[in-house]
Amino acid sequence: MEQLIYVAVFVSLGYFFGRRAEKKHFKSLIEREEKMNKLPAMGSRMPPQDGKYDQVLVSGSVCIANDYFKTFVAGLRNLFGGKISTYESLLDRARREALLRMKEEAYKLGADLVFNVKYETSNISGQSSKKPPIIEAHAYGTALRKL
Amino acid sequence: MLISNLEFMTGKKVTKHLGLVQGSSVRAKHAGRDIMSGIKNMFGGELTAYTELLQESREEATERMIEQAQAIGANAVLNVRFSTSSITAGAAEIYVYGTAVILDDPS
């Protein structure tokens, strides 16, 4: 009985704080993405063929932890299968944040373009299924500045 | 030393390919950080300590790759890739690899 109460408290705390944090994060993501729109990042492997460019490797990464509510919902979902939307938003946030950090670094260096952007996502909390996941998203690319 | 994840550079010629160079680094998180992350796991949010740890780890791996490239006389590393794997709970391996080349104009 006591354990049930603990779980209920943690789930509601996780729901409350987790949702608040997520909303705040999405808001700041949208704002910063708009600001960074003038610096295009591309997945293309071909650098532009005209003119000379100065280039440097830029990267951005972020580690995001899951909250208790998300872990709980995902645990339930595992029984029935199907879309785990709580994890989808988590990964979406992590990737967008990583890309933004990369762009911000490139912007500081005065770059005009970022080429050959690659994403990499990993779970750094280990293989044990007991521990809630910590996700790391890493984005890297080559920032080009026209000479 | 020029590091890039492009396969070639416009206006620069590769005069010699020297093969693959690599660097890796394994880092564990210390207990204090682990406890903090346990708390963060309730509420969600960014784990700044881990982000920094992995960043440092990546820098060190890149450093090692550059050392190796310098040892074989390269002046640039092209087509650089990163990879991360978690070996056990609490430790992550960062691996960086790329092709060491000699460029005619490495500026």
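Residue A/L57 holds its CG atom at 9.5 Å from CG of B/L2, rounded to the nearest 0.5 Å. Annotation: the span from B/N5 atom CG to A/N116 atom CG amounts to 4.5 Å, rounded to 0.5 Å. The NZ atom of B/K12 lies 6.0 Å from the CD atom of A/Q55; values are rounded to the nearest 0.5 Å.
Interface residue B/R81: backbone and side-chain heavy atoms are both found under 4.5 Å from chain A. Only the side chain of B/L54 comes within less than 4.5 Å of a heavy atom of chain A; its backbone N, CA, C and O stay farther away. Interface residue A/Q49: backbone and side-chain heavy atoms are both found under 4.5 Å from chain B. Within the 4.5 angstrom heavy-atom criterion, atoms from both the backbone and the side chain of B/E46 approach chain A. For A/S61, the parts lying near chain B are the backbone and the side chain together; criterion is any non-hydrogen pair under 4.5 Å.
In plain terms, the two heavy atoms of A/Y140 and B/F82 that are nearest each other are OH-N, 3.1 Å. Closest heavy-atom contact between B/L47 and A/A65: CD1-CB, 3.7 Å.
Note on B/M1: it clusters hydrophobically with B/I102, by side-chain heavy-atom contacts below 4.5 Å among ILVMFWY residues. In terms of hydrophobic clustering, with Ile, Leu, Val, Met, Phe, Trp and Tyr side chains grouped at heavy-atom distances under 4.5 Å, A/L29 and A/L90 are assigned to different clusters. Taken together through direct or relayed side-chain contacts under 4.5 Å among Ile, Leu, Val, Met, Phe, Trp and Tyr, A/V7 and A/L13 form part of one hydrophobic cluster. A continuous path of hydrophobic side-chain contacts links A/M42 to A/Y53 [ILVMFWY only; heavy atoms under 4.5 Å]. Criterion: ILVMFWY side-chain heavy atoms under 4.5 Å apart, direct or through other members. Under it, A/I5 and A/F72 are part of a common hydrophobic cluster.
With chain B as partner, the option from A/A94, A/S59, A/P47, A/P48 having the largest number of non-hydrogen pairs under 4.5 angstrom is A/P47. Counting heavy-atom pairs closer than 4.5 Å to chain B, the top-ranked of the candidates A/E136, A/K118, A/H25 is A/E136. The most heavy-atom pairs under 4.5 Å with chain A, out of B/T62, B/I3, B/L6, come from B/L6.
Within a 6.0 Å radius of CE in A/M46, no more than 12 heavy atoms belonging to other residues, nucleotides or ligands are found. The neighbour count for A/K27 NZ, taken as heavy atoms of other residues, nucleotides or ligands under 6.0 Å away, does not exceed 12. Annotation: B/Y95, atom OH; neighbour count of heavy atoms from other residues, nucleotides and ligands within 6.0 Å is above 12. Counting non-hydrogen atoms of neighbouring residues, nucleotides and ligands closer than 6.0 angstrom, the CD atom of A/Q3 reaches no more than 12 such neighbours.
A/E97 is not listed as a side-chain neighbour of B/T51, based on a closest heavy-atom distance of 4.5 Å or more.
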